Amino acid sequence: MKFSNLETDNPKLRGRKLKNGQTISLFLEYYLGHEHLLDENTGESTRKKHSRSEWLSLYITDKPKTAAERAKNCETIRLAQAIQLERIKEMQSIKHGEELIRYDNYFDYMQDYYDNYEKADKRHFLRAIRTFKDYLGEQPAYFCFTIRIAPEQITKRMLEGYAEYLLKRFAGEGPHSLWQRFKKMMKHAFQDGIMSRNFCDSIVVPCKGSVEKDVLTKEELVLLENTHYAGEKDVIRRAFLFSAYTGLRFCDVRAITYSNIKGSTLEFIQQKTGDSVSVPLSPRHFDYIKLNQSYAGTDIVIFDLPSDTTCGKELKKWVKAAGIDKHITWHCARHSFGTNLASDGTDMNTIKSLLGHSSLKHTERYVRAADKLKEKAMYKLTQ
């Protein structure tokens with residue numbers, strides 16, 4: 001999508017249409033110069049442009065149909081342009097040598113990147129930083145770098161060793177997930193001029209397959225809802241059950257507000273993917289919400305939850321009190337939702353739509369999980 005950028009603007013405001021075809025995500029594109037590359041075989045010279053993007057977590061509606069949608073688009077674009085103007089001023093000051101930041105310790109850069117990161121997967125970046133330090137501390141050749149390491153001291157061989165370390169230490173999607181976050185930080189460090197080379201581009205950490213997650217059956221969800229324990233927190237109970245019956249992730253269920261409720265439908269933008277999702281609500285869902293009409297249409301959050309750590313501890317107490325011998329995390333609510341739908345024979349496209357998946361390959365895991373539950377049930381029946 002095109003905006004009214006001046007030719008000299010750096011960065012420029014851009015928009016990219018999301019996979020749902022209705023939402024445009026706004027971002028800033030920074031021009032970082034170019035270089036001429038010479039082909040040794042042909043002798044031809046090509047011009048390579050260097051740029052980076054800053055996603056603003058701001059969204060507008062493509063081809064708005066109502067006055068309210070057009071007004072919201074204008075307000076969002078004005079906010080994005082205000083951010084753009086601030087960034088232009090920052091780039092100009094750097095160009096004139098006023099605020100050029102140098103990092104003698106790469107860990108300082110990683111920490112600053114983490115502190116300024118605002119998306120839902122922020123905690124994974126902190127884990128990537130910690131595991132990189134763990135790796136260095138366990139290698140005799142790199143032990144001296146656990147507190148301080150200059151950008152120029154990071155080598156390709158060191159990062160290849162870190163990739164192997166992740167594959168040995170973690171199972172399932174863990175190594176790939178952590179490497180992608182580490183790689184993203186390294187890419188930004190290169191674009192910011194902190195690193196002279198980005199070795200991560202040539203290193204691949206494959207996904208070893210997801211770890212099988214425990215699922216709460218429909219009967220166990222009823223048991224959980226009927227179980228109480230001393231000191232329980234009602235908002236956590238209601239939010240978890242709402243997740244289990246809607247498939248919302250923890251980051252989304254804690255972020256939804258009363259303005260996301262449109263009649264008997266919940267409409268929101270997924271924090272992880274940026275895609276819009278529409279979930280029909282039943283009277284049972286509204287029991288968990290405890291709808292307050294005076295809050296209708298406001299940006300007050302529906303579930304005012306404590307930290308994810310506190311929620312995890314309370315969930316563990318609750319599951320234990322119910323006598324359910326399974327390792328249940330908050331994400332198991334989403335996994336249980338998809339698996340229970342598949343067990344009931346729900347069409348895969350319907351499950352895909354309710355969970356906000358971008359493709360059916362993500363949905364197929366719930367069909368496989370449902371098939372395994374059926375196999376276990378049949379096995380127990382024949383014992």
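Fair warning: this is a prediction, and the values are worked out from it, not measured in the lab.
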Check your understanding: Taking atom CD1 of Ile256 and atom CD1 of Ile289, what is their separation to the nearest 0.5 Å?
Key -> 6.0 Å
Exercise for review: Using the side-chain contact (heavy atoms from CB on, under 4.5 Å) rule, take Tyr106 and Met195 through it: C-alpha gap first, then chi angles, then the decisive distance, then the call.
Suggested key: CA-CA 9 Å; Tyr106 185 65; Met195 298 290 301; 4.2 Å; yes
**Study point:** Ser294 backbone acceptor or donor facing Asn292 side chain under 3.5 Å
**Key:** yes
Practice item. Mark yes or no for whether Trp318, through its side chain, and Thr227, through its backbone, hold a donor-acceptor pair below 3.5 Å. Key: yes
Revision key, fill the gap. Shortest non-hydrogen pair, Tyr114 vs Lys122, comes out as O-CE, 2.9 Å
Practice item. Name all residues meeting the salt bridge (charged side-chain N to carboxylate O under 4.0 Å, His left out) criterion together with Lys317; count only those two or more places apart in sequence or in a different chain, and write none if there are none. Key: Glu314
Exercise for review: Using ring-ring contact (aromatic ring centres under 6.0 Å, His included) as the criterion, list what pairs up with Phe125, not counting sequence neighbours.
Suggested key: Tyr113, Tyr117
**Study point:** Separation of Ile261 CD1 from Leu281 CG (nearest 0.5 Å)
**Key:** 6.5 Å
Check your understanding: Would one find more than 12 heavy atoms of other residues, nucleotides or ligands at under 6.0 Å from atom CG of Asp325?
Key -> no
Check your understanding: Could you give all pairs that pass the side chain to side chain donor-acceptor pair (under 3.5 Å) test and reach residues 66-86, with sequence neighbours left out?
Key -> Asn5-Gln84
Study note, to complete from the structure: Taking every heavy atom of Phe199 against every heavy atom of Ile154, the minimum-distance pair comes out as CE1-O, 3.4 Å
Exercise for review: Measure the shortest side-chain to side-chain distance between Ile83 and Leu58 over non-hydrogen atoms and say whether it is less than 4.5 angstrom.
Suggested key: yes
Practice item. I would like to know whether Leu28 and Leu13 meet side-chain contact (heavy atoms from CB on, under 4.5 Å); could you show each step before the answer? Key: CA-CA 5 Å; Leu28 298 177; Leu13 180 61; 3.9 Å; yes
Exercise for review: Give a yes or no on whether the backbone of Tyr103 and the side-chain of Asp108 come within a donor-acceptor separation of less than 3.5 Å.
Suggested key: no
Point to revise | Distance, nearest 0.5 Å, that separates SG of Cys332 from CD of Glu220 | key: 11.0 Å
Check your understanding: Just wondering, do Arg127 and Phe170 contact through their side chains at under 4.5 Å, heavy atoms?
Key -> yes
Review point. Can you tell me if Asn340 uses its side chain to pair, donor with acceptor, with the backbone of Tyr245 under 3.5 Å?
Key: no
Practice item. Using the ring of Phe303 (Phe, Tyr or Trp, six-membered ring only), decide whether Arg238 places NZ or CZ under 6.0 Å from its centre and within 45 degrees of its axis. Key: no
Practice item. For residues Leu136 and Phe145, report the shortest heavy-atom separation together with the two atoms involved. Key: CD1-O, 3.8 Å
**Study point:** Side chain to side chain, Ser243 and Asp252, heavy atoms closer than 4.5 Å
**Key:** no
Review point. Just how far is it from atom CZ of Arg14 to atom OG of Ser25, taken to the nearest 0.5 Å?
Key: 14.5 Å
Point to revise | Exam field: side chain Lys187 to backbone Asn198, donor-acceptor pair closer than 3.5 Å | key: no
Check your understanding: Among the clusters formed by ILVMFWY side chains lying less than 4.5 Å apart, do Val279 and Leu291 turn up in the same one?
Key -> yes
Exercise for review: Would you sort out whether Val253 and Leu305 count as a side-chain contact (heavy atoms from CB on, under 4.5 Å), showing the intermediate values?
Suggested key: CA-CA 9 Å; Val253 78; Leu305 293 168; 4.1 Å; yes
Exercise for review: Consider only side-chain heavy atoms of I, L, V, M, F, W and Y, link residues closer than 4.5 Å, and tell whether Tyr135 and Ile149 are in one cluster.
Suggested key: yes
Check your understanding: Does any N or O in the side chain of Asn260 come within less than 3.5 Å of the main-chain N or O of Glu267, such that one atom is a donor and the other an acceptor?
Key -> yes
Point to revise | Heavy-atom closest pair, residues Gln270 and Arg249 | key: OE1-NH1, 2.9 Å
**Study point:** Test item: Pro306 and Cys311 side chains (from C-beta on) under 4.5 Å apart, heavy atoms
**Key:** yes
Exercise for review: Measure across Ile351 and Gly338 and return the closest heavy-atom pair with its distance rounded to 0.1 Å.
Suggested key: CD1-O, 4.2 Å
Practice item. Could you give me the CA-CA distance, side-chain angles and deciding distance for Thr257 and Thr298, then say whether side-chain contact (heavy atoms from CB on, under 4.5 Å) is met? Key: CA-CA 7 Å; Thr257 66; Thr298 69; over 6 Å; no
Review point. Quick one: do the Tyr165 and Glu138 side chains pair a donor with an acceptor below 3.5 Å?
Key: yes
**Study point:** Electrostatic pair Arg254-Asp308, nearest N-O below 4.0 angstrom
**Key:** no
Exercise for review: Please report the shortest heavy-atom distance between Tyr109 and Asp192, naming the atom on each side.
Suggested key: OH-OD2, 2.8 Å
Review point. Any link between Tyr229 and Val222 through a network of hydrophobic side chains (Ile, Leu, Val, Met, Phe, Trp, Tyr) touching at under 4.5 Å?
Key: no
Point to revise | Backbone N/O of Leu355 and side chain of Arg334: donor-acceptor pair under 3.5 Å | key: yes
Practice item. Check whether Tyr30 and Phe27 end up in the same hydrophobic cluster, where Ile, Leu, Val, Met, Phe, Trp and Tyr are linked by side-chain heavy atoms less than 4.5 Å apart. Key: no
Review point. Is the number of heavy atoms from other residues, nucleotides or ligands within 6.0 Å of CG (Asp304) greater than 12?
Key: no
Review point. Rounded to the nearest 0.5 Å, what separation is found between the CD atom of Glu219 and the CG atom of Leu224?
Key: 13.0 Å
**Study point:** Note, Phe240 side chain near Ile328 side chain (heavy atom, < 4.5 Å)
**Key:** yes
Review point. Do Asp201 and Phe190 touch side chain to side chain, with heavy atoms closer than 4.5 Å?
Key: no
Review point. Would you say the side-chain atoms of Asn20 pair up with the backbone N or O of Gln22, donor to acceptor, closer than 3.5 Å?
Key: yes
Review point. Quick one: side chain to side chain donor-acceptor pair (under 3.5 Å) partners of Gln111, sequence neighbours excluded?
Key: Asp115
Review point. According to a 4.5 Å side-chain heavy-atom criterion applied to Ile, Leu, Val, Met, Phe, Trp and Tyr, with indirect links allowed, do Leu216 and Trp330 form part of one hydrophobic cluster?
Key: yes
Mind listing the side-chain donor-acceptor pairs of residues 156-163 below 3.5 Å, one per line with the distance, residues two or more places apart or on another chain?
from	atom 1	to	atom 2	distance (Å)
Tyr162	OH	Ala128	O	3.1
Tyr162	OH	Thr131	OG1	2.8

Exercise for review: Please collect all ring pair (Phe, Tyr, Trp, His ring centres under 6.0 Å) contacts where either partner lies in residues 265-301, sequence neighbours excluded, each pair once.
Suggested key: Phe242-His285, Tyr258-Tyr295
Exercise for review: Mark yes or no for whether Ser177, through its side chain, and Gly174, through its backbone, hold a donor-acceptor pair below 3.5 Å.
Suggested key: no
Revision key, fill the gap. One should read off an interatomic distance between Ile88 CD1 and Leu85 CG, to the nearest 0.5 angstrom, of 6.0 Å
Check your understanding: Ignoring hydrogens and geometry, is there a side-chain-to-backbone donor-acceptor pair from His176 to Val205 under 3.5 Å?
Key -> yes
